[in-house]
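Below: one structure, written as structure tokens.
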Amino acid sequence: MTDALFSLPTAADDDLLRGLNPPQREAVEYRGPALLIVAGAGSGKTRVLTHRIASLLRSREAWPSQILAITFTNKAAGEMRERVEQIVGDSARGMWISTFHSACVRILRREAEQFGFTKAFTIYDSGDSRALLKRLVRDREADSLGLTPAGVQSRISKLKNELADAESYARDANMSDPAERKFVEIFGDYQRELQKANAFDFDDLIAQTVFLFRAFPHVADVYRKRFRHVLVDEYQDTNHAQYQLIRELTRPIQGDAGGGMVFEDAPGASLTVVGDSDQSIYAFRGADIRNITEFERDFPGARVVLLEQNYRSSQNILDAANSVIRNNFDRKDKKLWSDQGPGEQIVGFTGYSQHDEAQFVADEIETLRRSGVDYQQMAVFYRTNSQSRALEEIFIRAAVPYKIMGGTKFYDRAEIKDALAYLVAVANPADEMAVRRILNRPKRGIGDVTETAIARFAADNGMSFRDALAHPAEMGLGPKLQKSILHLDAVLREATAVLLPASGEPAPPTAVTEGLQVLLNKSGYADALRMSRDPQDEARVENLDELVAVTREFARNNPEGTIVDFLTEVALVADTDDLDDESGAVSLMTLHTAKGLEFDAVFLTGVEEDLIPHRISANEPGGPQEERRLFYVGITRARKRLYLSLAMTRAQFGEVTVAMPSRFLQEIPSLLIDWKQSPGDVNSRGGLQSRALNARRPGGSAGDRWGVKPLPAGGGLKPKSTAMEKFPGLVTNKVRDNGDLELAAGDRIRHDDFGEGTVDAVTGEGAKRIAHVRFDSAGAKKLLIKVAPIAKV
DNA sequence: CAATCCCGTGTTTTT
DNA sequence: CACGGGATTG
């Protein structure tokens with residue numbers, strides 16, 4: 001490839017291309033209708049994308065307002081905007097850099113009136129839509145047909161991702177099946193309820209935008225004309241609806257004389273997509289990997305650029321990543337390489353329990369810290385959110401500063417949802433769910449009966465549930481009830497006056513904060529919590545204070561922001577603690593959240609069968625392969641140091657279960673891993689590897705599978721087991737259960753491996769009772785009583 | 001109508 | 001284990 005292929009670099013382009021390798025340059029400079037950048041992990045994809053945008057702006061090929069860049073997370077969007085601004089300064093303003101969902105909300109708010117919604121529509125999160133479906137399933141007595149709210153929800157979500165609606169689904173469904181008929185009924189009801197409530201669920205945001213564009217071509221043309229350059233990041237994770245949205249946006253404009261607006265014919269916007277099919281980890285949410293694998297077919301004449309050089313990780317880490325992902329079939333072979341040298345070995349550790357594992361992580365973090373690595377350059381990953389608990393417990397005890405990324409916890413709390421429901425009740429009074437939610441919070445003595453009476457009155461008089469609150473006297477209710485309903489009505493009115501001034505003037509920046517305070521204080525909600533004796537309610541008050549602080553922060557960042565903008569932000573921006581607090585803390589997050597990020601040191605924890613790959617994925621088509629990609633994503637986040645850890649036992653649902661090392665560990669060449677404690681060193685019974693197991697395959701290539709180093713001779717143990725197939729699986733099912741064994745300090749016990757010893761103390765409860773034992777010859781050990789191979793003497 | 005208790009249940013990833 | 005739902009009681 002020679003430079004002559006490219007346009008001559010101008011002076012302005014020069015610094016945009018400096019330091020880029022040839023494919024990267026091509027990705028920045030190519031101009032044409034469609035460009036696919038296949039970007040392996042760490043190949044400088046964000047740099048290429050930002051420089052491409054900067055180059056379009058610098059060369060005056062595009063105004064900022066003509067650029068639409070779509071990322072997968074808000075965080076990625078924020079980062080991209082920041083980096084583009086660093087290069088081109090203020091002229092970056094006016095670009096749309098956002099997630100699919102945010103972009104669609106923006107469009108929908110603008111066009112809502114076209115199809116029976118208002119600008120103030122509510123966005124239902126999955127909890128909201130499940131609540132609605134729960135009611136519908138109950139009302140329709142669908143549970144007798146085996147339909148559950150969660151099941152219906154996930155089916156509806158999948159259908160919407162395929163752009164199907166109740167009618168189109170019904171055409172192909174087997175309508176002689178009563179369960180199918182019922183499902184179609186509920187789907188239709190659900191959609192009508194959403195419409196009535198002036199609300200969209202997450203999937204609607206995309207699907208309804210596509211429908212809008214298709215139903216109103218003149219509306220679509222406005223956006224087609226506006227966005228001349230559409231760039232999509234993480235393209236491998238787009239679903240069908242998102243794909244169709246892109247298609248609609250990049251369709252050529254046909255002169256239209258009918259819709260009131262007249263455009264000249266124009267070619268479709270230029271489309272740039274970036275992705276890596278090896279990092280596709282959202283199939284569970286409808287992502288269709290074919291969108292990227294068939295890009296060239298979908299967009300004939302598309303240019304494809306491959307970025308394979310990795311600038312992030314050391315070669316050892318890349319080797320591990322390559323050797324794992326190689327096991328996925330039907331993928332295009334792609335090998336990441338680096339010129340950074342091998343770097344450190346990967347460190348492996350097998351803990352006895354998840355706490356043991358967490359302790360190892362905490363210790364290593366402190367060691368790294370002392371050697372000069374900042375906390376913010378370290379991250380701990382796990383497969384499931386629940387795994388963060390054990391880590392947190394140990395980190396708190398070890399005084400390791402940490403922050404949990406992602407995780408919607410804050411906005412999932414009941415008191416926060418209540419407070420937001422109050423705001424929604426003001427912003428979008430049509431949202432009956434929100435009004436019903438706050439009806440009896442705080443306790444006003446309004447139960448099912450009264451709620452139904454209000455609903456009936458509203459229906460009988462053709463008014464909304466919200467408006468019915470002004471007429472309790474006409475419902476035949478007791479005086480106390482009437483009074484409290486009127487009070488609620490008055491509070492909502494007062495807040496409405498603050499948040500949505502009738503004068504038509506924009507509300508001041510402080511409006512959201514004030515409105516929320518009015519709602520919380522005058523409704524009695526805050527007082528009820530403050531008066532409560534429940535110690536948890538104290539924390540709830542603090543959470544509400546934090547929410548008020550969030551509104552202040554919002555006002556600072558968005559002086560023009562309205563209540564609707566605020567609600568949009570909290571609905572779509574899940575992580576509360578993102579960019580601003582670089583306070584020097586270790587980041588904890590799920591593997592999914594980790595995508596797109598990078599750290600000097602990465603701890604990948606819980607590398608066990610049934611966790612990664614997750615048990616549930618085993619039966620799903622493509623499940624295990626997707627789990628492998630997830631593992632691959634985790635590995636490739638690390639720049640210099642990678643730690644892989646697991647535990648031999650894991651507490652789940654209050655039960656201690658035995659865990660097996662993940663199959664993915666076997667896919668990494670043992671030379672790459674330095675096991676501080678290998679799965680062969682520890683067994684599920686709390687001791688070292690038992691003789692019985694080793695006896696089956698004495699000698700041989702001790703530990704090569706796990707890269708086990710010989711133990712410093714002690715206790716006269718034989719070489720450890722080598723291959724997984726004879727190791728944990730066999731132990732697993734034969735684990736003993738001493739659940740009822742009573743032990744107390746002073747008792748003498750015998751251990752299969754350690755011999756006899758004296759119990760010093762017993763700590764913990766139930767299945768987690770731990771005996772602290774001083775063995776006569778093996779020294780002090782801690783044993784989980786439930787599973788240790790011990791007996792009283 | 002509210003508070004309490006008991007039982008069963010499910011158990012992944014996220015905009 | 002943690003949560004929600006249902007039944008029971010005040």
Side-chain angles (χ1 to χ4, degrees), chain A residues 70-77 98-105 123-127 129-131 134 138 143 148-151 154 157 160-161 200-207 234 237-239 241-242 280-287 381-387 389-390 405-409 411-412 414 439-451 477-478 480-481 484 534 568-575 589-595 606 610-620 623 626-627 629-631 633-634 650-657 765-768:
Chain A
I70 295 178
T71 62
F72 218 66
T73 64
N74 294 293
K75 177 178 289 235
S98 66
T99 63
F100 271 105
H101 295 267
S102 302
C104 286
V105 168
I123 300 164
Y124 276 12
D125 66 20
S126 25
S129 61
R130 189 157 56 250
K134 200 180 277 178
R138 194 170 11 139
D143 44 347
T148 63
S154 100
S157 173
K160 285 185 175 180
N161 286 334
F200 295 101
D201 65 21
F202 273 137
D203 302 313
D204 276 344
L205 295 178
I206 314 290
E234 309 284 12
D237 283 327
T238 50
N239 62 34
Q242 292 164 333
S280 162
I281 55 174
Y282 283 103
F284 72 92
R285 195 169 94 181
F381 302 159
Y382 35 81
R383 176 65 179 81
T384 69
N385 281 305
S386 62
Q387 288 169 254
R389 279 169 153 255
M405 311 295 293
T408 55
K409 269 188 275 172
Y411 290 104
D412 269 352
L439 200 56
N440 199 33
R441 277 158 208 232
K443 304 265 186 300
R444 298 187 172 91
I446 302 174
D448 258 358
V449 182
T450 313
E451 189 177 326
L477 302 170
K480 252 177 121 176
L481 276 174
S484 49
D534 184 341
T568 302
E569 185 161 313
V570 297
L572 296 179
V573 181
D575 33 304
M589 68 191 86
T590 66
L591 284 164
H592 283 89
T593 308
K595 191 172 69 161
D610 290 351
L611 223 39
I612 174 123
H614 196 277
R615 173 149 43 98
I616 294 176
S617 73
N619 300 322
E620 290 169 355
E626 176 145 320
E627 297 285 311
R629 291 194 291 269
L630 193 53
F631 189 61
V633 165
R650 192 161 286 274
Q652 252 182 339
F653 320 123
E655 287 282 289
V656 176
T657 56
E765 292 283 315
K768 286 196 242 172

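In what follows, chains carry the letters A, B, and so on, assigned in the order in which the sequence lines appear, proteins first and then strands, with residues in each chain numbered from 1.
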Measuring from atom OG1 of A:T450 to atom CG of A:L477, what distance do you get when rounded to the nearest 0.5 angstrom?
6.0 Å
Once side chain to side chain contact (heavy atoms under 4.5 Å, CB included) is applied, do any residues pair with A:S98, and if so which ones, sequence neighbours excluded?
A:S102, A:A103
Give the rounded distance in Å between these two atoms: CD of A:Q242 and C1' of B:dT14.
12 Å
Verify the contact: side-chain N or O of A:T73 to OP1 or OP2 of B:dT14, cut-off strictly under 4.0 Å; return yes or no.
no
side-chain hydrogen bond (donor to acceptor under 3.5 Å, both in side chains) filter on A:T590, not counting sequence neighbours, yields A:T593
Tell me, please, which residues at least two apart from A:R441 pass salt bridge (Lys or Arg N to Asp or Glu O under 4.0 Å).
A:D418
Would you kindly give the NE2-to-P distance between A:H101 and B:dT15, to the nearest whole Å?
8 Å
Quick note, A:T384 side chain, CB onward, closest among B:dC1, B:dT12, B:dT14 is B:dT12
Kindly state whether the pair A:F284 / B:dT12 counts as stacked, where counting means centroids closer than 5.5 Å and planes tilted less than 30° apart.
no
Any idea how A:H101 and A:F202 line up, ring-wise: parallel (<30°), tilted (30 to 60°), or perpendicular (>60°)?
perpendicular
Assign A:T450 to base, sugar-phosphate, or nothing according to its heavy-atom contacts below 4.0 angstrom with the strands shown.
sugar-phosphate
Between N or O atoms, less than 3.5 Å apart, protein on one side and nucleotides 2-7 of chain B on the other: list the pairs.
from	atom 1	to	atom 2	distance (Å)
B:dA2	OP1	A:N440	ND2	3.4
B:dA2	OP1	A:G445	N	3.2

Just checking A:F284 against A:H614, ring centres under 6.0 Å apart?
no
Rounded to whole Å, the NE2-P distance (A:H614 to B:dT14) equals 12 Å
Strictly under 3.5 Å: I want the nitrogen or oxygen pairs between protein and nucleotides 5-10 of chain C, one per line.
from	atom 1	to	atom 2	distance (Å)
C:dG5	OP1	A:K134	NZ	2.9

In whole angstroms, the gap separating P of B:dT15 from CD1 of A:I123 amounts to 14 Å
If I take atom OH in residue A:Y282 and atom C1' in nucleotide B:dT12, what distance separates them, rounded to the nearest angstrom?
11 Å
Applying a 4.0 Å non-hydrogen cut-off, can you work out what A:R629 is touching in the nucleic acid: base, sugar-phosphate, or nothing?
nothing
Taking only residues two or more places apart in sequence, or in another chain, which ones meet A:S617 in a side-chain hydrogen bond (donor to acceptor under 3.5 Å, both in side chains)?
none
Identify, with sequence neighbours excluded, every residue that meets side chain to side chain contact (heavy atoms under 4.5 Å, CB included) alongside A:D203.
A:S157, A:K160, A:N161, A:D201
Could you state the CG-C1' distance from A:D237 to B:dT13, rounded to the nearest angstrom?
11 Å
Within the pair A:N385 and B:dT13, is there a side-chain N or O less than 4.0 Å away from OP1 or OP2?
yes
Provide, to the nearest angstrom, the distance between the CD atom belonging to A:E234 and the P atom belonging to B:dT15.
12 Å
Let me spell it out: for each of A:R383 and A:S126, pick the nucleotide of DNA chain B with the closest heavy atom. Which residue's pick is nearer the 5' end?
A:R383
Please name all residues satisfying side chain to side chain contact (heavy atoms under 4.5 Å, CB included) with A:A283, sequence neighbours left out, ordered by chain then number.
A:E626
Below 4.0 Å: OP1/OP2 of B:dT13 and any side-chain N or O of A:S617
no
What integer distance in Å separates A:F72:CZ from B:dT15:P?
8 Å
Contacts of A:S280 that satisfy side chain to side chain contact (heavy atoms under 4.5 Å, CB included) - sequence neighbours left out:
A:Q236, A:D237, A:I289, A:R629
